[in-house]
Amino acid sequence: MEIKSATFVMSNSDVAKCPNNNLPEYAFIGRSNVGKSSLINMLTNRKNLAKTSARPGKTQLINHFLINGNWHLVDLPGYGYARVSKQSKKTFQKFITDYFNKRKQLISAFVLIDSRHEPQKIDLEFMQWLGENAIPFAIIFTKIDKVKPKALENKINSYNATLLETWEELPPYFLTSSSNKIGADEVLNYIGEINNSLN
Ligand code: GTP
Ligand code: MG
């Protein structure tokens, strides 16, 4: 899919105030600093459409972007990071769970996983929660420029093996590097095919 236009629509923390139309939407979620906002910039080929930072906790709100005038990309705050207390670090912010539970326009989530790391409990729990709530998702392994090809293959295989301990089948997954602009076409074509199937 070619991106002809990408514009910021709005930011807020209340799912009830998100854009009130029926355009299909796709949301990017994952631990703070995993690269959600950078990925949105890569996909849209815009440098600063979504705000990024080397410090975790940059994205604080639900951010809607209108793509090609007919679907939404949504940048969400990361989970697993909070300045408040150790206890709340584990908690997914309520407005994020509200967003996933209530947003009827959401077609699929993309759960971003840092390709350098071993499977993390908080990510596995979040995917479990999506499954229990019947929210479709795909996985995006990010920052693959940081891992050598053979090590990357091993990481992905072992990640998938961990998933198969609890899931009957694997979700679709993608490998990306926003720094090296790898993987955008695959993700966009996946979204494009789903959008076409909705018409
Ligand atoms: P929060 O909004 O805080 O939850 O973070 P985020 O998931 O939106 O991450 P963000 O896109 O802001 O990126 C976090 C850091 O990772 C920044 O310093 C980015 O430059 C870096 N980063 C993101 N994607 C990549 C990538 O593909 N490769 C490399 N090497 N660095 C990346
Ligand atoms: Mg962000």
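Side chains included, hydrogens not; waters and symmetry mates left out as well; all remaining heavy atoms used. Just so you know, residue 1 is the first one in the sequence shown, and it goes up from there.
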Taking all heavy atoms of [X] and all of [Y], pick out the closest pair and write down the distance.
X: Asn41; Y: Ala50; value: OD1-N, 2.7 Å
X: Ile182; Y: Met42; value: O-CE, 3.3 Å
X: Ala138; Y: Pro171; value: CA-CB, 4.4 Å
X: Lys51; Y: Thr59; value: O-OG1, 3.9 Å
X: Pro24; Y: Asn70; value: CD-O, 3.6 Å
X: Tyr26; Y: Ile191; value: CE1-CG2, 3.5 Å

Does some side-chain heavy atom of [Y] sit less than 4.5 Å from a side-chain heavy atom of [X]?
X: Arg103; Y: Cys18; value: yes
X: Leu76; Y: Asn63; value: no
X: Leu130; Y: Phe100; value: yes
X: Lys58; Y: Ser37; value: no
X: Ile113; Y: Thr142; value: no
X: Ile3; Y: Leu43; value: no
X: Ile67; Y: Ser5; value: no
X: Pro172; Y: Tyr190; value: yes

Starting from the C-alpha separation in whole Å, work towards a yes-or-no answer on side chain to side chain contact (heavy atoms under 4.5 Å, CB included) for Lys36 and Leu39. CA-CA 5 Å; Lys36 300 175 292 295; Leu39 184 78; 5.9 Å; no
Sequence-distant partners of Lys155, side-chain hydrogen bond (donor to acceptor under 3.5 Å, both in side chains), two or more places apart: Glu118
Atom [atom1] of [X] and atom [atom2] of [Y]: how far apart are they, to the nearest 0.5 Å?
X: Glu186; Y: Ile140; atom1: CD; atom2: CD1; answer: 10.5 Å
X: His64; Y: Thr7; atom1: NE2; atom2: OG1; answer: 12.0 Å
X: Trp71; Y: Leu73; atom1: CH2; atom2: CG; answer: 4.0 Å
X: Ile29; Y: Asp123; atom1: CD1; atom2: CG; answer: 10.0 Å
X: Ser179; Y: Asp145; atom1: OG; atom2: CG; answer: 4.0 Å
X: Lys143; Y: Asn180; atom1: NZ; atom2: CG; answer: 13.0 Å

Check the angle between the aromatic planes of Phe110 and Phe28 and answer parallel, tilted or perpendicular using the 30° and 60° thresholds. parallel
Are the side chain of [X] and the backbone of [Y] linked by a donor-acceptor contact shorter than 3.5 Å?
X: Gln60; Y: Gly57; answer: yes
X: Arg46; Y: Thr44; answer: yes
X: Asn68; Y: Glu2; answer: yes
X: Gln105; Y: Asn21; answer: yes

I'd like to know whether Glu193 forms a side chain to side chain contact (heavy atoms under 4.5 Å, CB included) with Asn195, so could you lay out the CA-CA distance, the side-chain angles of the two residues, the decisive distance to 0.1 Å, and finally the verdict. CA-CA 5 Å; Glu193 276 175 24; Asn195 283 343; over 6 Å; no
Determine whether Asp14 and Tyr99 satisfy the following criterion, side chain to side chain donor-acceptor pair (under 3.5 Å), listing intermediate values before the conclusion. CA-CA 8 Å; Asp14 183 353; Tyr99 168 83; over 6 Å; no
Under a 4.5 Å side-chain heavy-atom rule over Ile, Leu, Val, Met, Phe, Trp and Tyr, are [X] and [Y] clustered together?
X: Ile107; Y: Tyr173; value: no
X: Met10; Y: Leu61; value: no
X: Ile40; Y: Val9; value: no
X: Ile122; Y: Trp129; value: yes
X: Leu112; Y: Phe137; value: no

Would you check, one step at a time, whether the test side chain to side chain contact (heavy atoms under 4.5 Å, CB included) holds for Ile139 with Phe174? CA-CA 6 Å; Ile139 293 179; Phe174 302 91; over 6 Å; no
Ring centroids only, cut at 6.0 angstrom: are Phe141 and Tyr159 within range, meaning strictly under it? yes
Assess whether atom CG of Asn20 is packed by more than 12 heavy atoms of other residues, nucleotides or ligands within 6.0 Å. no
Report the C-alpha distance between Leu163 and Leu124 in whole Å, list the side-chain angles of each, state the deciding distance to 0.1 Å, and finish with yes or no for side chain to side chain contact (heavy atoms under 4.5 Å, CB included). CA-CA 8 Å; Leu163 287 175; Leu124 299 171; 3.9 Å; yes
Is the closest basic N to carboxylate O distance between Arg31 and Asp114 below 4.0 Å? no
Could you tell me if Thr52 and Ser38 have a donor-acceptor pair between their side chains, going purely by distance under 3.5 Å? no
